[in-house]
Engineer: 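Let me give you the structure first, and then I'll get to my questions.
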Amino acid sequence: MKNKLVEILNKNIPSLDKQTIDDLIEVPLNSSMGDYAFPCFKLAKELKKSPVVIAKEIAEKIGTVDFIEKTECVNAYINFFVNKEQFVKQTIVPMIQQGEKYGIDKSKSKGNIIIDFSSPNIAKPFHIGHLRSTVIGNSLYRIFEALGYNCISINHLGDWGTQFGKLIVAYKNYSSKEAVEQKGIQELLRIYVMFHEEAEKDSTLEQQARDYFTKMEQGDEEALELWKWFKQISLKEFEYVYNLLDVEFDSFNGEAFYNDKMAPVIKELEDKNLIKVSDGAKIVELENMPPCLITKRDGSTLYATRDITAAKYRKQTYDFKKCIYVTALQQNLHFKQWFEVIKKMGYEWYKDLVHVPFGMVSIEAEDKSKPAQAIATRKGNVILLQDLLNQAIQKTKEIIEEKNPNLEDKDTVAMQVGIGAIIFDDMYNTIIKDIEFSWSKALNFDGETGPYVQYTHARACSVLRKSNIEEYDISLIDFDLITDEASITLVKQIGNFKSAINDAANKYEPSIIARYAVNVAQAFNKFYHDNAILVDDQKLKYARLSLVYCTTNILKNTLYLLGIGAPIKM
Ligand code: ARG
């Protein structure tokens, strides 16, 4: 029905293409404003008329159309009132026909999109800042994949840099093979913190660390062996977290991977006359921002040098349509700078580099009078992600024991719900916002949370189970029976699934999916509250169940897009 409306509008507004019209059409949730609304603001400039006048003119041109019962202009909007039965039918028929596949295009036919996310630093703990990158990146991966792109997930590990020099010195001074083998990252963190404490008293330590890093860069075997070992230990722990989160990477090519690939890029920058030498360092000067540092005075390369090199490598290897970087907002300048360098190098595809920044996470202190805890690796004041996730699972298990002790497979459910709560909480607000994580908020089953959406899904599953219907036959559904207010609102919500995905992708904003999930869950709960489903009237029961069936799939897929599991019992 929306497609038909797009056709009609397109005929009457030739200057806008169908896709633009499709994107502009809104579905007002308040039915007094119609079932579809078309805003005319965009046309005002081009037609040099007020959008209010334009709305009137277009509405007159369209006149009456079969499936539209009424057209009304309200300010700059044209509101279309459709035939409810047809509306329900057109919305849910494809959902029934396509089942779980509805709205999820797994064809991978639209080209490659790279998502560079998570990217923790080796030998430093995986903290909740990286959690945000991980869950946001994973969600963007699934969102773009659902739109038909072939997504490539890259973990640009921070596995090179002066911190390894520090770690080697720290290891030699304060640790042992056994301790590292036994305690893993915890031990590496302990000695990393200790190094910084000691370095304040003993100024030679920093120099020793720099020397070790230089050795690494020169290929010193002993130093490189240690580095490799630290990397393995870290990766093992990261792997544990990725498994819990159900996140996979296509590539772990991190910073070290580009060590032997930077020289030609630096040469290219020189050949293109972009390099200026300043105080021995090589820089690229930029307009309206500080220069981008390419090599330091001692010749060593930087984070940006590796990113420029990696971008070129990725373009060659994957010919990406987009390369998306998910990091904390603090790295904004870094990305702006080196994107500009790519532009100066003459690569048109600088336009396809996208930085998706997110705000900081802090954790509400147990004692509420204390400030929330920030994260600072050097001071050791970090909340390990692993601990956070395990705590979430544990707390959820306690809730299950209390509320539903006979639930089957409690451990799996506790894992899906506990982790779902954290993931959801990370993406419920516009991602640029700072968040303060609170246990009671995230694990609330009634609030706007992951568990609430999961619980709604499980509830819908339970209704379907009781009905024993395996497959819905469209010809047996009397769509007129699901045109009451609550049903229509639910149909509208589930009908928004595809546009929510598009919107989230266009804005790089998984929170649109999280909000959408809550909207669907709320509409379903209202529908469920207002309408008995398993009623004696067979026709009515069948029609309502078909709507429950569609909603279940939409909720499940919505959770999937967020990277959250959908247990069928809770
Ligand atoms: N390792 C970096 C950090 O922990 C993030 C890397 C992001 N990716 C990139 N290509 N720069 O902050």
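Indexing begins at 1, ligand by ligand and atom by atom, following the structure's order. Hydrogens, waters and symmetry mates play no part in the numbers below; they use all other heavy atoms, side chains included.
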Engineer: Heavy-atom contact under 4.0 Å between Tyr303 and ligand 1?
Structural biologist: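 In this structure, Tyr303 qualifies as a contact of ligand 1 - some heavy atom is under 4.0 Å.
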
Engineer: Can you tell me if Asp17 and Thr20 form a side-chain donor-acceptor pair at under 3.5 Å?
Structural biologist: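 Present: a donor and an acceptor within the cut-off.
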
Engineer: Tell me, with the steps shown, if Asp250 and Ser153 meet side chain to side chain donor-acceptor pair (under 3.5 Å).
Structural biologist: CA-CA 5 Å; Asp250 298 306; Ser153 48; 3.2 Å; yes

Engineer: How close does the nearest protein non-hydrogen atom get to atom 4 (O) of ligand 1, and which residue and atom is it?
Structural biologist: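 For atom 4 (O) of ligand 1, the nearest protein heavy atom comes out as His130 NE2, 2.9 Å.
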
Engineer: Lys322 and Tyr149: side-chain donor and acceptor closer than 3.5 Å?
Structural biologist: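 Lys322 vs Tyr149: no donor-acceptor pair found between side chains.
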
Engineer: Take the angle between the ring planes of Trp349 and Tyr347 and call it parallel below 30°, perpendicular above 60°, tilted in between.
Structural biologist: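 Plane angle under 30°, so parallel.
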
Engineer: Against heavy atoms of Asn121, which atoms of ligand 1 measure under 4.0 Å?
Structural biologist: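 In order of number, 1 (N), 2 (C), 3 (C), 4 (O).
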
Engineer: Look at ligand 1 and say whether Arg306 reaches it with a heavy atom at a distance under 4.0 Å.
Structural biologist: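 No; Arg306 lies far enough from ligand 1 that no heavy-atom distance drops under 4.0 Å.
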
Engineer: For ligand 1, which atoms, with element, lie under 4.0 Å from some heavy atom of Thr327?
Structural biologist: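 Counting atoms of ligand 1 from 1, those under 4.0 Å from Thr327 are 7 (C).
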
Engineer: Which ligand 1 atoms, with their elements, are less than 4.0 angstrom from a heavy-atom of Phe335?
Structural biologist: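 So the atoms of ligand 1 that pass are 11 (N).
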
Engineer: Distance to 0.1 Å, residue and atom name: give those for the protein heavy atom nearest to atom 12 (O) of ligand 1.
Structural biologist: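 Checked against all protein heavy atoms, atom 12 (O) of ligand 1 sits closest to Gln331 NE2, 2.7 Å.
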
Engineer: For ligand 1, which atoms sit closer than 4.0 Å to a heavy atom of Tyr325?
Structural biologist: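 Answer for ligand 1: 10 (N).
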
Engineer: Do Ser300 and Glu217 pair up side chain to side chain, a donor and an acceptor below 3.5 Å, judged on atom types alone?
Structural biologist: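 No, because no side-chain N or O of Ser300 sits under 3.5 Å from a partner of the opposite role on Glu217.
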
Engineer: For this output row, return yes or no: ring centroids of Phe249 and Phe117 closer than 6.0 angstrom.
Structural biologist: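 Ring centres of Phe117 and Phe249 closer than 6.0 Å.
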
Engineer: Please work out whether any backbone atom (N, CA, C, O) or any side-chain heavy atom from C-beta onward of Asp307 is under 4.0 Å from ligand 1, and answer side chain, backbone, both or neither.
Structural biologist: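 Asp307 to ligand 1: side-chain contact only, backbone stays beyond 4.0 Å.
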
Engineer: Under 3.5 Å, is there a donor-acceptor pair linking the side chains of Tyr242 and Asn155?
Structural biologist: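 Yes.
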
Engineer: Less than 6.0 angstrom separating the ring centers of His334 and Tyr303, yes or no?
Structural biologist: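 Yes, close enough.
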
Engineer: Under a 4.0 angstrom heavy-atom cut-off, which atoms of ligand 1 come close to Asp116?
Structural biologist: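 Those of ligand 1 that fall under 4.0 Å from Asp116 are 7 (C), 8 (N), 9 (C), 10 (N).
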
Engineer: What residue and atom, counting heavy atoms only, is the protein's closest point to atom 2 (C) of ligand 1, and at what distance?
Structural biologist: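 Among all protein heavy atoms, the one nearest atom 2 (C) of ligand 1 is Ser119 O, 3.5 Å.
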
